[in-house]
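What follows is a single structure, written as structure tokens, with notes after it.
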Amino acid sequence: MTFLQQDLEQPVTYLDNSSTTQPCPTAVSRMTAALTEGWGNPSSLHRLGMVAQLEMDAARWLLAEKLSCKPAEVYFTGGGTEANNMALFGGAMAGRRRGNRVVTTAIEHPSVLEAAAALEKEGFQVVRLTPDSDGKVPAAALEEAIDKNTVLVSVMYVNNETGAIQPVEAAAAAIRRAGAPALLHCDCVQAFGKIPVRPARLGADLVTVSAHKIHGPKGVGALYVSGKARIVPRVFGGGQEKNLRPGTEPTPAIAGFRGALEELPEPAAQLPKMRRLRDYAEEKLRQTGEAVIHSTPDSLPYILNFSLPGLRSEILLHFLEERNIFVSSGSACARGKGSYVLRAQGISDRLADSAIRVSFSRYNTEADADRLADAIRAAAGRLRRQ
């Protein structure tokens, strides 16, 4: 019996996969081998260093294959936050002589929003576009915001709270029509491994991905940088990752990333199964007569956002936790501050304050949805009587 189960007999139902995923067996195995056998410094010229370098090369080649890009365009980072910061600061600063306008959205991950705020303090004009009620930023708004002075556009592919799929290709088209010198950055942390992510097809110059969202380890991600794009470094050191991300590479984590990629199913093949699971869970929640669904049918089926009006998210979250059901109240990085994403798309404070994000992985089943719905029904009855 695990520490999660020692106080309760019911099984663990983990529905917080947008926060992090359980590392898969191949990821754990490859990390263990890298820690116990291939633990050399990949920059060292001896055999132990070469073993570590070969492991890192294999991971880079495999990730490039998944992204349909060249291995030379893949740069390993310490995670999605670092990759997003590299893209925003590196991209904006590289284009500073040609303009000072940065266009992004009001529903980005905090690592993009905070980086954009820092760029604003350095003299950049930052435009933050708001979504419609469906959670999507209108393509027309991108068209209007992007001009010849725009040096960077950052639009996430999938929103981490609602699953809304953003019009990244429309952003690329708007850049071309405006004749802007802008680089297009796309945070694909929630999209990668779940829907096809091909930077060239999206029209993106910079793409962020992360290992721990696809059953790999925490502490490692990657930034795709198109061979035609130029960004400037913000960290300086020994020249690793072609000077963009210097420092001794975390080869055990990169090996774990490789293991997760090896187990990763073809995203398009998984989508029908995940849509059935999301639709089943949504119907079960609707049958309780309590849930207000915020995610739309065309959102990424791995994420389902809903509210129980009159019950605060934190109270409901802990009620579910006591029953070994693990969900979240939004982005893990927001740490209980409330959903700026839902508010940006016009959802009332009352509903936003009671929002719950359920996020699935390929390991979840209809039984998990049944347990969630039963617990929601119990929560509505018990907590409202208190």
Side-chain angles (χ1 to χ4, degrees), residues 1-6 11-12 14 16-67 69-86 188-189 192-194 208-224 235-267 326 332 361-364:
M1 182 173 288
T2 69
F3 78 98
L4 289 172
Q5 294 173 310
Q6 55 192 354
V12 170
Y14 184 74
D16 194 19
N17 291 280
S18 287
S19 296
T20 197
T21 55
Q22 181 178 7
C24 64
T26 306
V28 174
S29 175
R30 287 211 174 275
M31 287 188 75
T32 301
L35 285 165
T36 57
E37 301 168 18
W39 44 263
N41 188 322
S43 296
S44 297
L45 299 179
H46 50 64
R47 188 166 64 250
L48 273 177
M50 184 63 68
V51 169
Q53 180 65 53
L54 290 173
E55 178 64 39
M56 195 165 65
D57 289 345
R60 196 186 312 274
W61 276 86
L62 184 53
L63 179 53
E65 180 183 306
K66 299 290 185 182
L67 293 171
C69 70
K70 299 174 182 177
E73 295 174 315
V74 172
Y75 296 80
F76 288 115
T77 70
T81 289
E82 184 183 28
N84 282 342
N85 274 257
M86 284 172 59
C188 289
V189 165
F192 181 65
K194 299 165 188 173
T208 298
V209 298
S210 179
H212 78 104
K213 309 296 188 180
I214 60 163
H215 302 282
K218 300 171 186 65
V220 61
L223 180 66
Y224 158 85
V235 179
F236 303 92
Q240 293 90 345
E241 297 301 294
K242 292 187 285 187
N243 288 311
L244 274 185
R245 204 272 183 179
T248 302
E249 299 91 343
T251 44
I254 292 171
F257 199 171
R258 176 189 175 189
L261 292 167
E262 288 173 323
E263 282 203 26
L264 192 64
E266 181 62 35
F326 298 91
S361 81
R362 61 182 182 264
Y363 300 125
N364 288 119

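None of these values were measured; they are calculated from a predicted model. For this chain, numbers begin at 1 and follow the sequence in order.
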request  = Carefully, step by step, assess L244 and M86 under the rule side chain to side chain contact (heavy atoms under 4.5 Å, CB included).
outcome  = CA-CA 8 Å; L244 274 185; M86 284 172 59; 4.1 Å; yes
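- Looking at N364, its side chain does come within 3.5 Å of a backbone N or O of S361 through a donor-acceptor pair.
- For the pair G216 and P23, the tightest heavy-atom approach, listed with the atom from each and the gap, is O-CG, 4.1 Å.
- Atoms CG and CD, on L48 and E37 in that order, are 11.0 Å from each other to the nearest 0.5 Å.
- Side-chain atoms of K213 and F192, non-hydrogen and from C-beta on, never get closer than 4.5 Å to each other.
- Contact annotation: the side chain of V12 approaches that of F326 to within less than 4.5 Å [non-hydrogen atoms, C-beta and beyond].
- When all heavy atoms of T20 and Y14 are compared, the pair lying nearest together is O-OH, 2.7 Å.
- The CG atom of N243 lies 13.5 Å from the CZ atom of R245; values are rounded to the nearest 0.5 Å.
- Taken from CZ in R30 to CG in L35, the straight-line distance is 13.5 Å, to the nearest 0.5 Å.
- Of the possible polar contacts, none joining the K66 side chain to the G193 backbone as a donor-acceptor pair under 3.5 Å is found.
- In this structure, K194 NZ and R362 CZ are separated by 10.5 Å, a value rounded to the nearest 0.5 Å.
- The aromatic rings of F76 and F257 sit perpendicular, their planes meeting at an angle over 60°, well past the 30° parallel limit.
- Summarising the geometry, atom CD belonging to E249 is positioned 4.0 Å from atom CE belonging to M56; distances are rounded to the nearest 0.5 Å.
- Residues L62 and E262 form a side-chain contact, since some pair of their non-hydrogen atoms from C-beta on lies under 4.5 Å apart.
- Side-chain contact between H215 and Y363 is present, with heavy atoms from C-beta onward closer than 4.5 Å.
- The nearest pair of heavy atoms linking T251 to G40 is OG1-O, 4.3 Å.
- Taking CD from E82 and OG1 from T208, the interatomic distance works out to 10.5 Å, rounded to the nearest 0.5 Å.
- Of all heavy-atom pairs between N17 and T21, the closest is O-CG2, 3.6 Å.
- For the pair P246/Q240, a side-chain contact is recorded, criterion being any heavy-atom separation below 4.5 Å from C-beta on.
- Taking each heavy atom of A260 and I214 in turn, the nearest pair found is CB-O, 3.5 Å.
- For the residue pair E263 / T26, a side-chain donor-acceptor distance below 3.5 Å is found, with atom types taken as modelled.
- Looking at T36, its side chain does come within 3.5 Å of a backbone N or O of T32 through a donor-acceptor pair.
- Nearest heavy-atom pair across V51 and G38 is CG1-CA, 3.9 Å.
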